[in-house]
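Model, not experiment: these values are computed from the prediction. One-based numbering, in listed order, for ligands and for the atoms of each.
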Amino acid sequence: MRSIHYLLFLTTLSPAYGAALLSRGARDATPTLSSAAEPTPTVPYASTTPNAVLWGPASSNSVPKPFRGKTGASVLGPDNTPIDLQNPDLFAPPSTDNGDVANSKWPFSMSHMRLQTGGWARQQNTEMFPVATSMAAVDMRLEAGAIRELHWHSTAEWAYVLKGTTQVTSVDQDGRNFIATVRPGDLWYFPPGIPHSLQATNESVEGSEFLLVFPDGAFSDDGTFLLTDWLAHVPAEVIRKNFGITNPDAFSRIPSKQLYIFPAAPPADDAEDVSDPQGTVPQPFFFPFSQMAPTKLEGGSVKIADSTVFDVATKIAVAEVEVEVGGMRWWHPTQDEWTFVLEGEARITIFAANSNARTFNFQAGDIGFIPASYGHYVENTGNGTLKYLEVFNSDRFQDISLNQWLALTPPALVKAHLGLDDETISLLKKVKPTVVGPPSSFK
Ligand code: MN
């Protein structure tokens, strides 16, 4: 009975919960729980109708139809079936979805590719994803040796290396320099305005690819300040005067327009920096996140890198989360949350207050965005491990667990809201269950 009740508890709770969550259906299915505290609802119980994902992107349901229970009808007009297959909870939403929630999914595949000799970049910002007001992102690819040229911008830059190895350089406002070779799963961070460069080494013959996140949703990588672009727009004699160089040919090979990304000979791996009389930056702009031991959880694992361990990263914090098959996580963030799926499949229902809730499905390469305070869960809906990043425009990682919140609230108060029985109350977790696995009855 315990496992059955736990199962019902998990499957019936919905982010669109109102005053009464435990349904009559669940109570009917657990008749021995007659000692449960009786709620005094002023409204009917929420439905316990299952709302499972109806198909996946690789489903044999090659032409899905928008039916959920007794609602829906077939599509008669033209329709983009591959997109329906990837978004079953938009096409046939859970009955718990309601009202309006801003679009909270952006696949990088829908971003314009800026193709260059030596690589490419594609970005996500409020131009195409209006809900994400506090963070923008760039996915950038450099072939071995290719350079994202020396540049700066007024927004801080945080990066997570996806593949390959990238050499990053910088010089701060006090003339202290920095160089690092950054490998997959590792991070870099440049404070606002600090000039920097990125270059793929040849440690991997394919070069590198990395994810950049900026704590400003309006950031555009097309608006950054590039060394070549700057010098191409300054009179030549002014450049010579600045550097005190009289040779008229000394600056005669400056590119006439910006290079942005361009090919070059790869640097040596783990190269040392130029000798600097001011020394190197006091807080490294690099963090070996890949070497951090994950905290093992009941249904997965988590690693967190914020300014408590990566001192310089005062505007971006990250959690790298793994959720095992059937597992999930349920909370609300105290800050806006930007999510990126690294592998696997997920669904997220976003609860936007006042009965508004909407469910989105995600595959690897998709971005999600959850505004601060919006309750949500992430459920692994695939057949393998779900691995994703939770990124916050904040110096600290913080979340509020639904389960822990209820466990640490007086039981009578919880019972009065949700009609839970003593056994269910006893199963609530006082220590934050960041990621939970499915009860054994799910397996
Ligand atoms: Mn940059």
(request) Tell me, please, if D221 has any N/O/S atom, main chain or side chain, under 2.8 Å from the Mn ion (ligand 1)? (result)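 No.
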
(request) Report yes or no: is the cationic atom of R114 (NZ for Lys, CZ for Arg) closer than 6.0 Å to the six-membered ring centre of Y260, at no more than 45° off its axis? (result)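 Yes, a cation-pi geometry holds between R114 and Y260.
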
(message) Determine whether the aromatic ring centres of residues W152 and H196 are separated by less than 6.0 angstrom.
(response)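 No: the rings miss the under 6.0 Å criterion.
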
(request) State, without any angle test, whether S355 and N98 hold a side-chain donor-acceptor pair at a distance under 3.5 Å. (result)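 Their side chains do not contain a donor-acceptor pair, so the 3.5 Å distance test is not met.
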
(message) Nearest 10°: the angle subtended at the Mn ion (ligand 1) by H153 NE2 and H196 NE2?
(response)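 An angle of 100° at the metal.
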
(request) Give the name of the N/O/S atom in H151 that lies closest to the Mn ion (ligand 1). (result)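 The Mn ion (ligand 1) is closest to the H151 atom NE2, counting only N, O or S.
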
(message) As a test of reading the structure, name the N/O/S atom of E157 that is nearest the Mn ion (ligand 1).
(response)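 Looking only at N, O and S atoms of E157, the one nearest the Mn ion (ligand 1) is named OE1.
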
(request) Determine the interplanar angle of the F310 and Y189 rings, folded into 0 to 90°, and report it as parallel if under 30°, tilted if 30 to 60°, perpendicular if over 60°. (result)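 Because their plane-to-plane angle is over 60°, the rings of F310 and Y189 count as perpendicular.
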
